[in-house]
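Structure first, then comments.
Quick caveat: nothing in here was measured; it's all calculated off a predicted structure.
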Amino acid sequence: MVMETAILSVPVFSTLCNEAFRLRRAVFVHEQNVPEAEEFDADDLSAHHLVAVTAGEVSGTLRVIYAEEHMKIGRVAVAGQWRGRGIAADMIGRAMELHRDARGNRFYLTAQADKLPLYERFGFVAYGAEFLDGGMPHLAMKNY
């Protein structure tokens, strides 16, 4: 059975955004052991938040930050039971579609080293040295 996933733009601290924050806490803090103080920050207040809803529940989330030279995609998280169904790719595609005109279609992100192929599908290329973020190896990536 194929389940439809809706990708929605939501205001910060709305009911759906709060559910997305709960999902981020579950994935990053509890599952991946990222310190909670590093997971939530002031950028959440001004970021554009996307939430994936599948079968009536929040299945994924990400945020987009307006930086000076590019749009920064971050905090991409998918609930364990929904992984492997293309939800992260759907959210990234939607984020890029919504914000392509804001900074000349220039997007940046930092990716967990084992997730590079996901972002490469969208034209992102890794650059620079690997670094630790939240205790996990990451690489900076951009599509320009």
Exercise for review: Could you state whether Ile65 and Val76 fall into the same hydrophobic cluster, counting links through intermediate Ile, Leu, Val, Met, Phe, Trp or Tyr residues with side-chain heavy atoms under 4.5 angstrom apart?
Suggested key: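 Unlinked, Ile65 and Val76 end up in two clusters.
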
Check your understanding: Does Val27 share a hydrophobic cluster with Val10, counting links as ILVMFWY side-chain heavy atoms below 4.5 Å and allowing steps through other members?
Key ->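 In one cluster: yes.
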
Check your understanding: For Val34 and Met136, what are the C-alpha separation, side-chain angles and deciding distance, and is it a side chain to side chain contact (heavy atoms under 4.5 Å, CB included)?
Key -> CA-CA 9 Å; Val34 173; Met136 293 170 284; 3.5 Å; yes

Pairwise side-chain contact, [X] with [Y], heavy-atom cut-off 4.5 Å (strictly under):
X      : Y      : result
Met91  : Val78  : yes
Arg75  : Phe40  : no
Phe107 : Met71  : yes
Leu50  : Arg94  : yes
Tyr108 : Phe124 : no
Leu132 : His138 : no
Asp44  : Arg63  : yes
Phe21  : Leu16  : no

Looking at [atom1] of [X] and [atom2] of [Y], how far apart are the two atoms once the value is rounded to the nearest 0.5 Å?
X      : Y      : atom1 : atom2 : answer
Leu62  : Arg24  : CG    : CZ    : 10.0 Å
Thr110 : Glu130 : OG1   : CD    : 12.0 Å
Arg121 : Leu116 : CZ    : CG    : 12.5 Å
His99  : Ser9   : NE2   : OG    : 6.5 Å
Ile7   : Asp90  : CD1   : CG    : 5.5 Å

Shortest non-hydrogen separation from [X] to [Y] and the atoms involved:
X      : Y      : value
Pro11  : Cys17  : O-CB, 3.2 Å
Ala77  : Leu23  : O-CD2, 4.0 Å
Met141 : Ala111 : SD-CB, 3.7 Å

Point to revise | Reference residue Phe122; test side chain to side chain contact (heavy atoms under 4.5 Å, CB included); the match among Leu109, Ile92, Asn143, Ile73 | key: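 Only one of Leu109, Ile92, Asn143, Ile73 forms a side chain to side chain contact (heavy atoms under 4.5 Å, CB included) with Phe122, namely Ile92.
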
Point to revise | Pair Glu31-Arg83, salt bridge (Lys or Arg N to Asp or Glu O under 4.0 Å): steps then yes or no | key: CA-CA 14 Å; Glu31 190 179 317; Arg83 292 183 191 145; 2.8 Å; yes

Point to revise | Contacts of type ring-ring contact (aromatic ring centres under 6.0 Å, His included), residue Phe28, not counting sequence neighbours | key: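 With neighbours one apart ignored, the set is empty.
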
Exercise for review: Mark yes or no: Lys142 above the aromatic ring of Tyr127, with NZ or CZ under 6.0 Å from the six-membered ring centre and no more than 45 degrees from the axis.
Suggested key: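 Checked: cation-pi criterion met.
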
Check your understanding: Does the salt bridge (Lys or Arg N to Asp or Glu O under 4.0 Å) test come out yes or no for Arg25 and Glu39, once each step is laid out?
Key -> CA-CA 8 Å; Arg25 184 175 289 109; Glu39 164 50 23; over 6 Å; no

Exercise for review: May I have all residue pairs that pass side chain to side chain donor-acceptor pair (under 3.5 Å) and include part of residues 49-58, sequence neighbours excluded?
Suggested key: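 Non-adjacent pairs meeting side chain to side chain donor-acceptor pair (under 3.5 Å): Thr5-Thr54, Thr54-Ser59, Glu57-Gln81, Glu57-Trp82.
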
Review point. Can you find a side-chain donor-acceptor pair between Glu69 and Tyr144 that sits under 3.5 Å?
Key: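 Glu69 vs Tyr144: donor-acceptor pair found between side chains.
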
Point to revise | Ring centers of His48, Tyr66 separated by less than 6.0 Å | key: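 When the ring centroids of His48 and Tyr66 are compared, they turn out to be at least 6.0 Å apart.
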
